[in-house]
Amino acid sequence: QVQLVESGGGLVQPGASLRVSCAASGRDFSRAIMAWFRQAPGKERVFVAGISKSGSTTTYADSVKGRFTISRNNAENTVYLQMNSLKPEDTAVYYCAAAFVFYIARVRDQYDNWGQGTQVTVSS
């Protein structure tokens, strides 16, 4: 199991970039599939991006493909989400999640380790 703490959220203008980070504690980080989800007000928490244990494979929701990049540093127990060309519809609380499975899952129920979330607001 891992404990997750997100950071780096904030208020940015449309078109700007922002990077959010997720620091993990525990010795199992390199064995975990990592993902970012987001939850907008009044909406369900949805998959944004996921990365394999080694970092060699990534997958994205269609809404962020080409704008967001997920990466991880297993030596530092950290996963990142680089967000470029941000839009107002990207406004949400962003959550880091870990799953001890064999593939990058897009379903929320597959993840049993969650951070507390970090707010990202895109507004002019």
Drop me the distance from [X]'s [atom1] to [Y]'s [atom2], to the nearest 0.5 angstrom.
{"X": "Tyr80", "Y": "Cys96", "atom1": "OH", "atom2": "SG", "result": "11.5 Å"}
{"X": "Tyr60", "Y": "Phe47", "atom1": "OH", "atom2": "CZ", "result": "9.0 Å"}
{"X": "Ile104", "Y": "Gln110", "atom1": "CD1", "atom2": "CD", "result": "13.0 Å"}
{"X": "Gln39", "Y": "Arg108", "atom1": "CD", "atom2": "CZ", "result": "6.0 Å"}
{"X": "Thr57", "Y": "Ile51", "atom1": "OG1", "atom2": "CD1", "result": "8.5 Å"}

Which pair of non-hydrogen atoms, one from [X] and one from [Y], has the smallest distance, and what is that distance?
{"X": "Arg72", "Y": "Ser52", "result": "NH1-O, 2.8 Å"}
{"X": "Val64", "Y": "Val48", "result": "CG2-O, 3.6 Å"}
{"X": "Asn74", "Y": "Lys53", "result": "ND2-O, 3.0 Å"}
{"X": "Val120", "Y": "Gly9", "result": "CG2-CA, 4.1 Å"}
{"X": "Val122", "Y": "Thr91", "result": "N-OG1, 2.9 Å"}
{"X": "Glu6", "Y": "Tyr95", "result": "OE2-CA, 3.4 Å"}

Original post:
Is a donor on one side and an acceptor on the other found under 3.5 Å between the side chain of Ser56 and the backbone of Ser54?
Top reply: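 No; zero donor-acceptor contacts below 3.5 Å.
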
**OP:** Give the cluster check for Phe100 versus Val79: same hydrophobic cluster or not, with ILVMFWY residues linked at side-chain heavy-atom distances below 4.5 Å.
**Re:**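 They do share one cluster, since a chain of ILVMFWY contacts under 4.5 Å joins Phe100 to Val79.
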
Subject >> Cluster check Val93, Val12: I/L/V/M/F/W/Y, side chain < 4.5 angstrom >> reply: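 Val93 and Val12: separate clusters.
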
Original post:
Mind checking what makes side chain to side chain contact (heavy atoms under 4.5 Å, CB included) contact with Ala97, not counting sequence neighbours?
Top reply: Phe37, Tyr111, Trp114

Identify each donor-acceptor pair in which a side-chain atom of residues 28-35 lies under 3.5 Å from a protein atom, sequence neighbours left out, and give them as a table.
unit_1 : atom_1 : unit_2 : atom_2 : d
Asp28  : OD1    : Arg31  : NH1    : 3.1
Asp28  : OD2    : Gln1   : N      : 2.8

Original post:
Is the closest basic N to carboxylate O distance between Lys87 and Asp90 below 4.0 Å?
Top reply: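 Salt bridge between Lys87 and Asp90, a charged N being under 4.0 Å from a carboxylate O: no.
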
Original post:
When you look at CD of Gln116, are more than 12 heavy atoms from neighbouring residues, nucleotides or ligands closer to it than 6.0 Å?
Top reply: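 It does: Gln116 CD has more than 12 such atoms within range.
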
Side chains of residues 17-25: which donor-acceptor pairs under 3.5 Å do they make with residues two or more places apart or in other chains?
unit_1 : atom_1 : unit_2 : atom_2 : d
Ser17  : OG     : Asn84  : OD1    : 2.9
Ser25  : OG     : Gln3   : OE1    : 3.0

